[in-house]
Amino acid sequence: MPTMLEVSGLTHQYGQGERAHVAVRDLAFTIESGQLACIVGPSGCGKSTLLRCISGLIPATGGSVRLHGDEVSGVPGDLAVVFQDYSRSLFPWLTVAKNVEFPLRWQKVSKAERSQRAAEVLESVGLSGVGKKYPWQLSGGMQQRVSIARALVSRPALLLMDEPFASVDAQTRGELEDLTRRVQRDLGSTILLVTHDIDESVYLADRVLVLSKSPASIVADLTIDLPAERNQITTRESERFVSLRGEVARLLQSPQVQRPGEPDPATAESGPGTTTVETGDTAGTADTAEAAARS
Amino acid sequence: MPTMLEVSGLTHQYGQGERAHVAVRDLAFTIESGQLACIVGPSGCGKSTLLRCISGLIPATGGSVRLHGDEVSGVPGDLAVVFQDYSRSLFPWLTVAKNVEFPLRWQKVSKAERSQRAAEVLESVGLSGVGKKYPWQLSGGMQQRVSIARALVSRPALLLMDEPFASVDAQTRGELEDLTRRVQRDLGSTILLVTHDIDESVYLADRVLVLSKSPASIVADLTIDLPAERNQITTRESERFVSLRGEVARLLQSPQVQRPGEPDPATAESGPGTTTVETGDTAGTADTAEAAARS
Amino acid sequence: SVSGCGLLGGSEDEDSGNAQVEKSKINVSVQGTIDLSAFYLAREQGYFADEGLKVNPIKVDSADIGFNKLNAGEVDVIYSGYTGFFSHQAAGDMDLKLIADASSAAPKSNAIMVPKNSPLEEPKDLEGKTVGVTPPDTLADILTKAWAEANDVDLDKVDWQPGGFSTSQKGLGKGIDAAFFPDPFIAMNQQQMGAESRWDPMTGPLENLPMAGYGATADFAKENPKTVAAFQRAMAKASDEAETADRTKVIDPILVEHIGLPEDLAPMTTLLTFESSLDPERIQRVPDLMVDRGALDKKIDVEDMIVPPDTGEDDSAK
Amino acid sequence: MLKFAKGLTGLLGFFLLWEITVQAGVLPDYWVPPASEVTTTFVSLLGDAEFLRGVVATLLAWLIALGVAIGIGVPAGLVLGSVPALQSAARALIEFLRPIPAVALIPLVMVTIGSGPDAKITLAVYAAVWPILFNTIYAFGEIDPVLLDSARATGANRRQSLTWVALPHAAPFIFTGIRVAASIALIAVISVEYVAASEIGLGRYILEGGMNNGHLDQVMAGTVLAGLAGWAINSALVGSGRRLFRWADTEERAAR
Amino acid sequence: MSATTLAGKRTRILGSAVVTWLVFAAALLLWELIAIGADSVYFPRMTAILGTAVDLLLSGPAWRLMLSDAVFEIVLPSLATALGAWAASAVLGIALGTALGRSDWAMDYCGTLISFLRSVPPVTLMPAFMVIFGIGVEMEIAAIVFSTLWPIVLNTVDGVRSVDEVKIDTARSLGTPRRYWIGMIVLPAAMPKIFAGLRLSLSIAILLMVVAEIVSGSGIGLQLSTTQSTVQYTEMWVWVLLLGVLGYALNSALLAVERLVLGWQPTRGDDA
Ligand SMILES: Nc1ncnc2c1ncn2[C@@H]1O[C@H](COP(=O)(O)OP(=O)(O)OP(=O)(O)O)[C@@H](O)[C@H]1O
Ligand SMILES: Nc1ncnc2c1ncn2[C@@H]1O[C@H](COP(=O)(O)OP(=O)(O)OP(=O)(O)O)[C@@H](O)[C@H]1O
Ligand SMILES: [Mg+2]
Ligand SMILES: [Mg+2]
């Protein structure tokens, strides 16, 4: 598969001088086209910052992000973002339907098709019939689903989702997870999804990137070798699932960077784990290790 | 234990005329002083509305809410709310520390004590050292924890929390859950907590209220008979925990109101469940059943 | 441009002249002073029309605005106190010509007024008091100070309040102890507040001082000699008539109708002397006085500024 | 309708106060004619065709001026609000020019563009553009960055985010700016007519009344008409604003 | 956070100061060139204006920083009047705006009156002001307050009314007592909009100062009317440009205050 996204040496620092805060330091990873990668990491470690840098909303203070091999500067087309702050990301002066149609405005899509696609995607997130309401007339979970619908409507090639299911109930969450995988399969979208739910990350992902405490660096890069077709009940009950989620949980709790060559306690313990370490940039990894040691 | 909160026949309708939307219909339950009750229910069913009515932020369109036996009109003192929209509920013109100190301003608390208490409570939510920053300089999960800290700092007798841990990572979440139970025990606070996480509701609660789809009515009122001292690992592994969470999950999936006398398929299956049905208001329950049938 | 729009009130198209004059329709900037009654008399009696002129008065609040309009070409002729003409001539922003005389000071036509029951007796009493005039180096300011100096008042000891007539009027008795007024302000102040005319400043060196006249730009005068002459003839006729006319029958109705004075007030005013001569020697007193008082820094020769009246049938005699 | 009645009550209260102060001799009636006298003059003026033509001229000039001010102020405000570099360059000149009073510029304007409609419109635009420009810039400063990011993330370019996100977000506050500007423009038009003695207009009419202080009832009647016109304009603006910005109407939101 | 705020704070401030002076210098140069071309008494050359300005304003003794008597007798009193009146109007306007914004009842009754009053041209009210307050500084202050009040009131009402619902709910749930409400929630949230009104009315204050001084015959306004009547256009321009300088200085001061007060705004972001 061709490489969709290539992040190398990515560093982002907020502010300057004394008040400077390094949110992300020297991150490096690549995502293949069509992959669904989940990012997990402690609160405040820099996940949202990472997504913002990838989406070009903020320019990284160091390193580079490449999409299809081109350096990202500015927001690339063909991209959609679900923000963590979903309620603030909806336009209060537009109805729900108009909010969802919003990204289609600058595409050559007829008005009729626009509203039809908006209705479809609203239905797929379980929100048929609220199109005429305003966002502030919806509950929190409904607003979050509107923002997911808005991201999906333009059928983006790259989808960045920041804790997209945090405010919906378990059942809807399951449905949305399945929807996400369906979108990945049907549209071939590449998806980067931040989540705090370890089960969710394993269930959804082809790969799980585990980040360290702030400033974020990659602790582990886990390939999820579950079958492509997943099922909320059977997949979650499968032995492989349970072992993988155990692995992610352990990695999150003991955030040690494994150096290539050294025996890795986590993988050694968890048996047939497929923990691989980002080896593309040795210098980067070494740096990251230092950073982790410092923190 | 004395009754802290008594909700009876509570109905709330947004808007009027054609655009009217009944979010909560004819709810009735009571919470004893010092209890921690979790509310679970599908997205958009009316949980946040219920909390807003209880806190007196919006007047219910029907029914009554009594605190310590007094009808609630206006916001009672001794109450704190963690809003679902945490990022919007923080005051952007105040630093984090000042945000947390906010509720202490009108209490007879000296300035020094105020900032000390704020620092303490910030530390207890894992946020020491960010007091001087502004809310928008924090990550989503950190903002959410600030709003929790602000609710805790005034040591409220009644604490209403609307999905308070939705944006924090698994480990922090566990710590915050334990903190919540500690607050309940140490301060004797009564806590009403909305969550989408079934495990969380069972782990945290003394009671779980399961709500139906919109308009919300009570599907079940489950007493959680786990030991008061809970532990993230052992409690969650205990057999009783697993059976209870299975029960809540089933209740959420098949939202049928059980009538007294009739055999309850859910409880019948799950064995020693302690599902009790709100029997205080039979007419109300009948109504709710109808509503459930309609939806 | 938007001025083409009729509703907005843009100026209509200029007409060209007729057999008698180069330009038959002329705009004249006028003020609210009572010596303009000669001008209105000329209009009412059809003296302008007889000369082939259609004269359109444009009322302005102060001569400054009138001069701006003259400069912008919005008016062709301006009525102004003489000091205004000489200030502009000296500044060089316009080359001006005087084309008709209007008035000179008559006894009691101007006054230093004091509020009712004022303790001020002698001009010297003004020292230490607030005296209302117009902005420095403009007419009332020059006149009042010239008069005060002639009466041995130390000008530095007086607190001059240069707000102008309207301001002096409202402040008289409330912060202003005395003020220079022309009519109709004099009559109005007497009638409304019982203020008194204490001194006539237009005495001694200022007696019969020329007060106001009509002017145009040199260019206008050069390009429209017949028009100017026609205006001069009409104004001279009207001024002479006004000077001798029956006050109550002729002048007062004009004051009410055109100057806008209330009916009961019009007869109470004291008229200036209507002048028709445009005599350079007489008028020369004004720029000389201005140079004296430091309002002009160089001498101006009135003779050069005057368009001598063309007295029609006397043409050959001249 | 009830609201209208309440508003009218407030206005009538003011007129009553005015009448009483004058009648009681607190204010001399020869300088401030009593409300009743002004009202009589006012009513008689409404039948005066010449006067009404003046009013129409004034209102038309006002309308054009406000339109031009909006056309300049809003786009300029959006651009200045979103491009800080430009803002600091422009700010110097703007802040320098802004406090220079139109009154001081009247002679120059008269010399360059005369005292006709062009002049009053120019000066009214000059006076009215600032509230719009300022409120636009400030509204822009207040915008939630998450909203802008959301728009950019959907592939909207700078211009598109400006028109579709910044503008609607700022709209209610810009609208307040327009309301402020509307009365400032009216004041400017009338003032120019008054000071520069325009050929026709409400200000011109007031000027004639005030000359020699002869007809202060006429001055006051003209002034009252200016106020009433401003009120009518404002009501129209508020009415359309309520329709336009329903979503921002806090009362609507509070109607739970 | 957003791209608009990315440039470093220091470089931006430095850059903006340089840009500011460059813009000024360019404008002055342009003026000089145009004036040479136009050759009109109405538009004297900038060098002439600046020369006159130095004579008028900067010819005093060294111990007074060269400031001449005119500065102390004309400029400073005028400035004090404008600033004092503006400050009074700010206090009054914010108070009134807050009261009206928080009460539907009050706005119902006063809204009409306010929109009536704020459309009344202050020029035509000058006679009334003169009669009520006499000729002098009180009348000038009254005229300035009357005109600067409305933008502040309107913007405050707007700001007070558009406080985010969630923040209001939060404050209510935290039991914020009435007396703290305005100072701690309403005003901070409305502050950006109030500042827009304050800045706007600051220049209106200078404008009305001139208008009032022309009628009352004092200060800078008198200089303007005198120089106009006596056709001293170079000097008139000195006063006109001085008004610009004063306005610019006052506005810069207000901006500094604003930066302090509104520093919390994310879009102001000296941190992002
Ligand atoms: N301001 C409002 N105006 C009109 N309808 C509203 C308003 N707020 C909420 N609603 C409606 O009321 C219903 C209940 O909303 P509520 O926020 O209480 O749900 P919830 O149970 O908290 O959902 P979630 O878990 O998604 O937060 C929803 O259907 C919503 O559309
Ligand atoms: N605008 C900002 N200015 C300064 N610091 C910021 C800003 N935004 C974020 N930060 C800091 O950067 C760090 C990373 O923030 P980020 O939002 O990327 O975390 P996150 O991984 O998304 O956390 P969470 O899971 O809680 O959302 C945090 O410590 C935060 O305080
Ligand atoms: Mg985040
Ligand atoms: Mg909710």
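Proteins get letters first, then strands, A, B, ... in listed order; numbering begins at 1 in each. The model shown is predicted, which means the values in this text are computed figures rather than measured ones.
The main-chain N or O of C:Pro135 is never found under 3.5 Å from a side-chain atom of E:Thr226 such that the two would form a donor-acceptor pair. Side-chain atoms of C:Gln161 never come within 3.5 Å of backbone atoms of E:Ser218 as a donor-acceptor pair (strictly under, hydrogens ignored).
The heavy-atom pair separating E:Val131 from C:Lys170 by the smallest distance is CG2-CG, 3.6 Å. For E:Ile135 against C:Ile176, the heavy-atom pair with the smallest separation is CG1-CD1, 4.2 Å.
No other option in E:Gly217, E:Gly136, E:Ser225 has as many heavy-atom pairs under 4.5 Å with chain C as E:Gly217. The choice from C:Gly132, C:Pro162, C:Gly171, C:Ala90 that makes the most heavy-atom pairs within less than 4.5 Å of chain E is C:Pro162.
With rounding to the nearest 0.5 Å, the separation of CD in E:Gln228 from OG1 in C:Thr138 is 12.5 Å. For the atom pair CE of E:Met126 and OG of C:Ser166, the computed distance is 11.5 Å after rounding to the nearest 0.5 Å.
Only the side chain of C:Asn71 comes within contact range of chain E, with heavy atoms under 4.5 Å apart.
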